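Values reported hereafter were calculated over all heavy atoms of this structure, with side chains retained and with hydrogens, waters and symmetry mates removed. Every value quoted in this text rests on a predicted model; they were computed, and no experiment measured them.
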Amino acid sequence: MSDSIFSELKRRNVYKVGFAYLVLAWVVVQVTQAAVPAFNMPDWMNTVVFFLGVIGFPFALFFAWAFEITPDGIKKESEISPEESIAAHTGRKLDFIIIGLLIVGMTYFIYESRFESNSSESVTDLTVEMKGSNKVSKDPKNASIAALSLAVLPFVNMSDDKKQDYFVDGLTEELLNSLARIKGLKVTGRTSSFAYKNKNIDLRAIAKELNVNYLVEGSVRKSGENIRITVQLIDADSGAHLFSDIFNRKLVDIFAVQEEVSQQVASALKLNLLYKDNYYSSALESLDYIAVEQLVKARALAKLYNEYGINQAKAILISLNEQYPDTPEIMGLSVFTAMLEISATANVTLTSEDLIQLAQRTLELQPSNADSLYTLAVIFDDFEQTYHLAAEYYKKGIQQYPSQEQFHIGYFRLMRLQYIPCSEILTYLDSIQLNMLSDELSNQFRFSTLRCLDPQAAERLQQLATTENITKFDSPHASALEAFKQARARYQKNPNQRFLTGLIGYYSALNERGKVKQLLQQVDFNSKGFWAGFSFVGAYFDGYSLPYMSMDRLFDARQNDQYYDLHYQYALVMWDLAKKEEKTSAFRRRILALEPPQWSIEHLRMTTPYLTLLHHMGDRERVNHYTNNLLPKLADYRERHPESYYYYKLFEPHFVLATLAENFSLAQQLLDDTPQDHEYWVYGKTAKYTFADKLNVPVIKEFLQKIKTDTKRVRKELGFE
């Protein structure tokens, strides 16, 4: 009997209809989950669609059993003879339908897993990015309690009209549902929470029973069409109120009020529990909680440091700027995001000049705006000529926000860019309140400075320190080979245009032509950003097939018509193009119109390539004057600060200046005194063009041979040959 029933179920395609229905229902639910937020529909739509799907399942099975689709329409199964039945033909059609639905479902599943996980992981779980956020306890005693576990207690109806209980309970449920969707927050279910309705029990006892860290309670008071909702966040351990606010609304649409208030409260609780940061405290004076949470998301997206994240952040900020014009917090984050866009992508929404104007406008509205202070500091530390302005903004940031590490890091790096003696940096570190910084950053600063002054003390600190990545800021002393490996890892993790350009330079220096060709295919040479220009320059002297970029285009790609900022290779490539295009006079005028670096140790990073370019342009008088001015300063620096001289590798620009002054005996002495473990391979073919008119000078021959020998050594070590 049972076999005949199963056979009949199979003949009538009940199994296939049921399976097709389940697959179709799953697809509909997934589409609904994506469509609801996209079209700003209420969240309860997801629940409605799910329950309709569940309710429809038995009806689908019933119709599959009782009816059959025939060429004449739908007929009862009892009215069709076995000879007239086309159930087998219908079954084959259902097979194709099921296969099609499975393909759609699998395609969606693969898309969601492959393409959305990377972006959403960094954006939705913002607790990792925000300083001061709560971390999951590793103590096995507390393993049963999530670090962010919370219960929403039934709100109290304070009105005389007890009929309002349904509205109050609905508000509690809406809030509970909103909080339950927050990643990283464990929310106790409705049944457990509502068990405490109308019960006068100590809150700490409730928290212990529910096994949560936080409680949310509130009350609702109604008078006519006016409604006042009070919400409080309570620490379960101490019973202290961590957050409290009042929401006054007009009760025009009950469901709209429930949804809007629950979203505001959910955002407020996230700001208090997940996103603890003083970037947003002042924003709450002019923005609601939802808008401030959007700022949080925009910052996290921008800090993904890739085109996807930055574009998403820009979209959020454009919308916020339209809703809340002239709001400093939004303007400041817009400036910060645009600065990251220039730094990491091939796109340019705002030029450096635009950024400076917008940042200064923001500071007029809010003199302590952290994003604008930091952005201005970063822009100005790109140019030796404005180092003093960068220092000014970094110091303002440190004064205003002593616990925000980005200002300390920026100023520390700026001192190193200026070759400030390590002893002076150590004095500075002793003068600031390092207890305002994390132990990790304090150890990183101190280690890299001790590495310069007292390597043995640095080793002892490294052995005793319990913090990670203690060598992070040891770049002047770090191995170039290790720097290459780190650059390769950064690009693999985040293949943005900045990291791509750097990797092209390394592979070019290593004569790894196949890899360079492969990377060049990833460059958008039609972009407006300057990374395309740097990639072009990095491969220019190696004879690769490149899309043509003119001297003027390379000059304009710098997006700077005020300061000289051309490194060796960029300057030499532009000069070579100017000669090929017969535009040497025009190029010379443009170069001399730029403000040059000062003739000091602090500006040596750009002074040396500037004088090298003047030498190639034939300006011997100016080159001799300034090299003769700088060489004694370098000799004096080496005598007074020998540890800093070698730590910063100042023997490199010292050697170039000696050759420019044609003091080849000094150049030979400097080459002989260079540490034996110095890595020459990083100079690549640029050195050959730098000393193009001195290739027969013995010390230059020896220098180029060292590059060739060291390159071969590194290639062998990396397995390239």
message: So for atom CD, which belongs to Q399, do other residues, nucleotides or ligands contribute more than 12 heavy atoms lying within a distance under 6.0 Å?
response: no
field: With A313 via side chain to side chain contact (heavy atoms under 4.5 Å, CB included) - residues at least two apart
entry: A298, L301, A302, T337
statement: Only residue of L350, L376, D371, T375 satisfying side-chain contact (heavy atoms from CB on, under 4.5 Å) with M339 is T375
- prompt: Does a side chain donor of either T188 or S193 reach within less than 3.5 Å of an acceptor in the other side chain?
  reply: no
- request: Give a yes or no on whether the ring-centroid distance for Y563 and F383 is below 6.0 angstrom.
  value: yes
message: Within the supplied structure, the quantity of interest is the number of heavy atoms (other residues, nucleotides, ligands) at a distance under 6.0 Å from R221 CZ; does it exceed 12?
response: no
task: Could you tell me how the ring of Y401 sits relative to the ring of F407: parallel (under 30°), tilted (30 to 60°) or perpendicular (over 60°)?
output: parallel
message: Can you confirm if the aromatic rings of F380 and Y387 lie within a centre distance of less than 6.0 Å?
response: no
- prompt: Does NZ or CZ of R299 lie under 6.0 Å from the centre of the six-membered ring of F336, at an angle within 45° of the ring axis?
  reply: yes
- line: side-chain contact (heavy atoms from CB on, under 4.5 Å) with T362: of P328, P367, S334, only one passes, and it is P328
- request: For D354, look at atom CG and say whether over 12 heavy atoms of other residues, nucleotides or ligands are found less than 6.0 Å away.
  value: yes
message: Salt bridge or not between K314 and E341? Use side-chain N to carboxylate O under 4.0 Å.
response: yes
- prompt: Does the gap between the ring centers of Y393 and Y374 come in under 6.0 Å?
  reply: no
